[in-house]
*Asks:* 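One structure coming up, written as structure tokens, with questions to follow.
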Amino acid sequence: ELLGEGTFVERIGAENGVGLYIFSVPSGSKVAVAYSANGATRARMPFSFSKALNIVGQEVDGKAIELNLTGSPLYLTDVST
């Protein structure tokens, strides 16, 4: 539901198999989806955000600039690019 009727905005280039995709949501804010295609890794986010949520909506990693990423996506709220 976090993305709901969100619209894809852009893919941000990242290294080491990290995927970063930005979506605009009806509320006017942006949500990013972040994951690692190469297994567990720690990655620095190239933007600020309010919260990192896992697939079931639980907050993880707080507002860390670097996140622990796996193949399971994290949803980053209120992204500012």
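For the single chain, residues carry numbers from 1 onward in sequence order. Computed from a predicted model, the values in this text were never measured in an experiment.
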*Asks:* So, using ring-ring contact (aromatic ring centres under 6.0 Å, His included) as the criterion, who are the partners of Y21 when residues are at least two apart?
*Replies:* none
*Asks:* Tell me whether E66 is salt-bridged to R42, with the criterion being a basic N under 4.0 Å from an acidic carboxylate O.
*Replies:* yes
*Asks:* Apply side chain to side chain contact (heavy atoms under 4.5 Å, CB included) to the pair L76 and V31, showing each step before the final yes or no.
*Replies:* CA-CA 6 Å; L76 312 177; V31 173; 5.9 Å; no
*Asks:* Side chains of I12 and M45: does their closest heavy-atom pair fall under 4.5 Å?
*Replies:* no
*Asks:* Using ring-ring contact (aromatic ring centres under 6.0 Å, His included) as the criterion, list what pairs up with Y35, not counting sequence neighbours.
*Replies:* none
*Asks:* Side chains of V79 and F23: does their closest heavy-atom pair fall under 4.5 Å?
*Replies:* no
*Asks:* I need the T70 OG1 to I55 CD1 distance, nearest 0.5 Å.
*Replies:* 9.5 Å
*Asks:* Under the rule for salt bridge (Lys or Arg N to Asp or Glu O under 4.0 Å), what residues qualify as partners of R44, not counting sequence neighbours?
*Replies:* none
*Asks:* Under the salt bridge (Lys or Arg N to Asp or Glu O under 4.0 Å) rule, what pairs show up with a residue in residues 8-32, not counting sequence neighbours?
*Replies:* none
*Asks:* Check side chain to side chain donor-acceptor pair (under 3.5 Å) between S48 and all other residues, then give those that pass, not counting sequence neighbours.
*Replies:* none
*Asks:* Which residue pairs satisfy the side-chain hydrogen bond (donor to acceptor under 3.5 Å, both in side chains) criterion with at least one member in residues 71-81, sequence neighbours excluded?
*Replies:* S50-D78
*Asks:* Taking the side chain as everything from C-beta on, heavy atoms only, tell me whether L2 gets closer than 4.5 Å to V25.
*Replies:* no
*Asks:* When rounded to the nearest 0.5 angstrom, what is the spacing between CG in L74 and CG in L20?
*Replies:* 10.5 Å
*Asks:* Can you see which heavy atom on L69 is nearest to which on A43, and at what distance?
*Replies:* CD1-CB, 3.8 Å
*Asks:* Sequence neighbours left out, what passes side chain to side chain donor-acceptor pair (under 3.5 Å) with S27? Give chain and number order.
*Replies:* S29
*Asks:* Search all heavy atoms of P26 against all heavy atoms of G6 and return the closest pair with its distance.
*Replies:* CD-N, 4.3 Å
*Asks:* Mind checking what makes side chain to side chain donor-acceptor pair (under 3.5 Å) contact with N54, not counting sequence neighbours?
*Replies:* Q58
*Asks:* Just so I know, are the side chains of T41 and V18 near enough to count as touching, which here means a heavy-atom distance under 4.5 Å?
*Replies:* yes
*Asks:* Could you pull out all residues at least two apart from N16 that satisfy side chain to side chain contact (heavy atoms under 4.5 Å, CB included)?
*Replies:* none
